[in-house]
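Since the structure comes first, as structure tokens, the remarks are kept for the end.
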Amino acid sequence: GAEGRFELEQVSRAQTLGDFDEALTARVFGFTDRNDYYAKSDSKPYLRHVAVPVLVLNARDDPLIEASSLPSLEDVGAAPIKLVYTDSGGHCGFVDRIDGEPFMPSELARFLQHVHNCCATSHDGT
């Protein structure tokens, strides 16, 4: 259909996120279909060009993002990107691990400390 138009019945029958993207997201935003939407929205082609340190933290059990679609070391190339993938954590997870240590904040703190130790320079030139 035309950009912005969708069939409510088709959206209500969606059983997966892919079905939903096919029925609504792609149509509303002018993509041919969900595959066109996924291809044109993919950030992987830009990863090699990242110039600042980045932490990518994903769970392989994320119900919205298939583990097979996560960036690889090959996608990143020599860019300063650290890929951290866990087996669990869900989509907005990483609240607490079994041992009670908050995972996401501590992992982020470790990453920031690493960046500071490796990359920080003095403002006075020394």
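Just so it is clear, the values below take in all heavy atoms, side chains as well, and ignore hydrogens, waters and symmetry mates.
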Hey, does [Y] have a side-chain heavy atom less than 4.5 Å from the side chain of [X]?
X	Y	result
Arg27	Gln10	yes
Tyr85	Pro71	yes
Phe111	Pro53	yes
His116	Leu112	no

Once rounded to the nearest 0.5 Å, what's the spacing between atom [atom1] of [X] and atom [atom2] of [Y]?
X	Y	atom1	atom2	value
Leu24	Arg5	CG	CZ	13.5 Å
Glu22	Leu17	CD	CG	11.5 Å
Asn35	Asp21	CG	CG	10.0 Å
Glu107	Thr86	CD	OG1	9.5 Å
Leu55	Leu108	CG	CG	6.5 Å

Can you tell me which residue among Val28, Thr25, Thr32 is in a side chain to side chain contact (heavy atoms under 4.5 Å, CB included) with Tyr37? Thr25
Determine the sole option in Ile65, Val56, Leu83 for which the side chain to side chain contact (heavy atoms under 4.5 Å, CB included) test with Leu70 is passed. Ile65
Which atom pairs, donor and acceptor, lie under 3.5 Å between side-chain atoms of residues 73-80 and protein residues at least two apart or in another chain?
{"unit_1": "Asp75", "atom_1": "OD2", "unit_2": "Ser72", "atom_2": "N", "d": "2.8"}
{"unit_1": "Asp75", "atom_1": "OD2", "unit_2": "Ser72", "atom_2": "OG", "d": "3.2"}

Looking only at heavy atoms, what is the nearest atom pair of Phe31 and Ser41, with distance? CZ-OG, 4.1 Å
Shortest non-hydrogen pair, Asp42 vs Lys44, comes out as OD1-N, 3.0 Å
Between Arg34 and Asp19, is there a side-chain N and carboxylate O pair less than 4.0 Å apart? yes
Pair listing, salt bridge (Lys or Arg N to Asp or Glu O under 4.0 Å) test, anchored in residues 58-72, at least two apart: Arg60-Asp87
Please determine whether side chain to side chain contact (heavy atoms under 4.5 Å, CB included) holds for the pair Tyr38 and Ser69, giving the CA-CA distance in whole Å, both sets of side-chain angles, and the decisive distance to 0.1 Å. CA-CA 10 Å; Tyr38 296 157; Ser69 72; over 6 Å; no
